[in-house]
Amino acid sequence: MITIPVLISIRSNAHREEAVEDETMTMLTAGTLELTETEAVIRYEEQIDESVPMQQVTVTVGENGATMTREGAYTTHMVFRMGCRYEGQYRTPYGDMDLAVYCTRLAYDLGDDGGGLEISYQLDLNGSFAAMHDMELRVMVQGGNDESEE
């Protein structure tokens, strides 16, 4: 496995029916890109807001789709496969919610020179439509491509 230090640019838009404007979130963070012959794993930390400690996020991408796992005060595991619905839990300090994602777009190009991942999906919370989401992760190799073999 190759582990590469990377900068990760994340842009996410949430389209809600009742909202006049989309809810947009952008973030730039450091992380790692791990590559095997069959998958790419992106690891980074994010902070939802200043009152919540950093969350560990792992995104795994391969031929069968992508997964995103968030660990910390707010935990979830989401599976993205084109045309498939995945049901799971969103755990928060205030209680748990049922969540479901239906992936409408999944495109990625990740390699030892970085790349990107784009996912569009419908999000339902507790059985009701919450929003349509578009998420784009851009992965940029830091410095002189200091790769480490594990």
Side-chain angles (χ1 to χ4, degrees), residues 1-112 114-140 150:
M1 176 184 343
I2 297 172
T3 301
I4 305 166
V6 294
L7 286 175
I8 303 162
S9 168
I10 302 168
R11 180 178 175 86
S12 177
N13 287 312
H15 320 283
R16 291 177 173 52
E17 291 176 343
E18 70 280 354
V20 175
E21 292 185 22
D22 291 348
E23 180 181 318
T24 301
M25 184 276 303
T26 58
M27 181 176 78
L28 182 64
T29 188
T32 60
L33 172 63
E34 298 169 7
L35 299 169
T36 70
E37 288 188 28
T38 59
E39 65 184 19
V41 180
I42 303 165
R43 297 180 195 278
Y44 62 92
E45 291 184 333
E46 72 176 19
Q47 193 169 26
I48 295 172
D49 66 45
E50 293 177 9
S51 67
V52 177
M54 295 295 265
Q55 304 266 123
Q56 298 293 321
V57 179
T58 304
V59 178
T60 304
V61 183
E63 330 181 321
N64 294 323
T67 63
M68 178 180 284
T69 302
R70 181 173 281 112
E71 297 175 6
Y74 294 81
T75 64
T76 191
H77 177 78
M78 297 185 285
V79 177
F80 304 99
R81 289 192 178 101
M82 278 295 298
C84 293
R85 179 180 169 89
Y86 170 79
E87 296 181 0
Q89 290 281 305
Y90 182 48
R91 301 189 187 287
T92 78
Y94 311 104
D96 298 345
M97 291 184 275
D98 293 327
L99 79 85
V101 294
Y102 179 79
C103 182
T104 59
R105 181 168 193 273
L106 176 61
Y108 62 91
D109 181 16
L110 294 162
D112 58 6
L117 167 66
E118 296 177 9
I119 302 174
S120 296
Y121 61 96
Q122 176 178 322
L123 175 67
D124 296 342
L125 292 174
N126 288 330
S128 297
F129 174 80
M132 291 299 296
H133 285 262
D134 297 310
M135 182 176 63
E136 179 181 335
L137 276 83
R138 292 286 166 226
V139 179
M140 298 152 282
E150 292 183 3

Output all residues satisfying salt bridge (Lys or Arg N to Asp or Glu O under 4.0 Å) with [X], sequence neighbours left out; order by chain, then residue number.
X	answer
Asp134	none
Glu45	none
Asp98	none
Glu136	Arg138

Do Ile119 and Tyr108 make a side-chain contact, defined as non-hydrogen atoms from C-beta onward lying under 4.5 Å apart?
no
If we only count heavy atoms from C-beta on, is the Thr29 to Glu46 side-chain gap below 4.5 Å?
no
Which residues share a side-chain contact (heavy atoms from CB on, under 4.5 Å) with [X], sequence neighbours left out:
X	result
Asp96	Gln89, Arg91
Ser128	none
Arg105	Ala107, Glu118, Ser120

What heavy-atom pair brings [X] and [Y] nearest, and what distance separates the two atoms?
X	Y	result
Gly111	Leu35	C-CD1, 3.5 Å
Leu33	Ala40	CD1-CB, 4.1 Å
Ala14	Ala131	CB-CB, 4.2 Å

Taking everything shown except Gln47 itself, do over 12 heavy atoms lie less than 6.0 Å from its CD?
yes
d(Thr92 OG1, Met97 CE) to nearest 0.5 Å is 5.5 Å
Measure the spacing between CG of Leu123 and OH of Tyr102 and express it to the nearest 0.5 Å.
15.0 Å
Determine which pairs satisfy ring pair (Phe, Tyr, Trp, His ring centres under 6.0 Å) with at least one residue from residues 117-136, sequence neighbours left out, and list them in order.
Phe80-Tyr121, Tyr121-His133
Output every pair passing side-chain hydrogen bond (donor to acceptor under 3.5 Å, both in side chains) with a member in residues 71-82, not counting sequence neighbours, ordered by first then second residue.
Thr69-His77
In a table with atom names and distances, give each donor-acceptor pair under 3.5 Å that connects a side chain of residues 4-11 to protein atoms at least two apart or in another chain.
none

List the steps and the verdict of side-chain contact (heavy atoms from CB on, under 4.5 Å) for Thr67 and Glu39.
CA-CA 11 Å; Thr67 63; Glu39 65 184 19; over 6 Å; no
Run the numbers on Val57 and Met68 for side-chain contact (heavy atoms from CB on, under 4.5 Å), then give the verdict.
CA-CA 7 Å; Val57 179; Met68 178 180 284; 4.1 Å; yes
Contacts of type side-chain hydrogen bond (donor to acceptor under 3.5 Å, both in side chains), residue Gln55, not counting sequence neighbours
none
Just jot down the side-chain hydrogen bond (donor to acceptor under 3.5 Å, both in side chains) partners of Glu87, sequence neighbours excluded, or say none.
Arg85
Partner of Val59 under side-chain contact (heavy atoms from CB on, under 4.5 Å), picked from Val139, Leu110, Ile42, is Ile42
